[in-house]
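Computed from a predicted model, the values in this text were never measured in an experiment.
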Amino acid sequence: METLKKIFPLSFKYTKSVGELIVGILIYLVVGLIGGLIIGLTANIPIISIFCGIAGGLLDLYVIAGIVIQILVFCKVIK
């Protein structure tokens with residue numbers, strides 16, 4: 001559990017009320033959007049495009065996992 005808290009710190013921080021849950025989810029979505037835009041802009045460079053595809057997939061996975069973990073902590077499935 002400590003590893004999850006180190007990797008996904010926002011998922012355990014914004015879970016006291018529904019308003020904080022929404023703020024935490026919005027933070028994850030904004031980070032994913034900004035990261036996706038940066039990756040999309042650098043994907044036009046031929047050699048870097050392979051790494052951008054991998055980084056984009058990992059960023060999407062991180063955002064989705066963070067949101068799911070945050071909802072599970074809010075519902076008190078994970079403590």
Side-chain angles (χ1 to χ4, degrees):
M1 191 59 62
E2 292 300 318
T3 306
L4 276 179
K5 287 182 180 181
K6 289 179 184 176
I7 296 174
F8 300 100
L10 291 178
S11 295
F12 292 92
K13 185 176 182 181
Y14 295 103
T15 57
K16 292 179 180 61
S17 67
V18 176
E20 285 188 5
L21 178 69
I22 293 171
V23 168
I25 290 173
L26 288 175
I27 289 171
Y28 271 116
L29 292 176
V30 168
V31 167
L33 180 68
I34 292 172
L37 288 174
I38 292 170
I39 290 170
L41 291 174
T42 59
N44 294 331
I45 302 169
I47 296 173
I48 299 177
S49 66
I50 296 170
F51 298 112
C52 287
I54 294 170
L58 290 175
L59 180 66
D60 290 343
L61 181 65
Y62 180 82
V63 168
I64 290 173
I67 291 171
V68 169
I69 291 170
Q70 185 173 15
I71 292 171
L72 291 175
V73 170
F74 179 76
C75 294
K76 296 186 181 9
V77 175
I78 298 176
K79 295 180 182 183

**Request:** Check the pair F12 / M1 against side chain to side chain contact (heavy atoms under 4.5 Å, CB included), numbers first and verdict last.
**Result:** CA-CA 11 Å; F12 292 92; M1 191 59 62; 4.1 Å; yes
Donor-acceptor pairs under 3.5 Å, side chain of residues 61-71 to any protein atom, not counting sequence neighbours: which ones?
residue, atom, partner, partner atom, Å
Y62, OH, I7, O, 2.8
Q70, NE2, Y14, O, 3.0

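- For the atom pair CZ (F74) and OG1 (T15), the distance works out to 8.0 Å, reported to the nearest 0.5 Å.
- Counting only residues at least two apart or in different chains, side chain to side chain donor-acceptor pair (under 3.5 Å) contacts with residues 50-59 are absent.
- Note: the hydrophobic cluster containing V73 also contains L26 (ILVMFWY, side chain heavy atoms under 4.5 Å, direct or indirect links).
- The structure places CG of L72 at 4.5 Å from CD1 of I78, a figure rounded to the nearest 0.5 Å.
- Atom OG1 of T3 is separated from atom CZ of F8 by 11.0 Å, given to the nearest 0.5 angstrom.
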Could you pull out all donor-acceptor pairs under 3.5 Å where a side-chain atom in residues 32-57 meets a protein atom, sequence neighbours excluded?
residue, atom, partner, partner atom, Å
T42, OG1, I38, O, 3.2
T42, OG1, I39, O, 3.1
S49, OG, P46, O, 2.9

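- Listed by first and then second residue, the side chain to side chain donor-acceptor pair (under 3.5 Å) pairs involving residues 30-41 amount to none (not counting sequence neighbours).
- Evaluation of the side chain to side chain donor-acceptor pair (under 3.5 Å) test over residues 24-38, restricted to residues two or more places apart or in two chains, returns S11-Y28.
- Hydrophobic clustering (side-chain heavy atoms under 4.5 Å, transitive across Ile, Leu, Val, Met, Phe, Trp, Tyr) keeps I25 apart from V30.
- When all heavy atoms are compared, the tightest approach of K13 to E20 is O-OE1, 4.0 Å.
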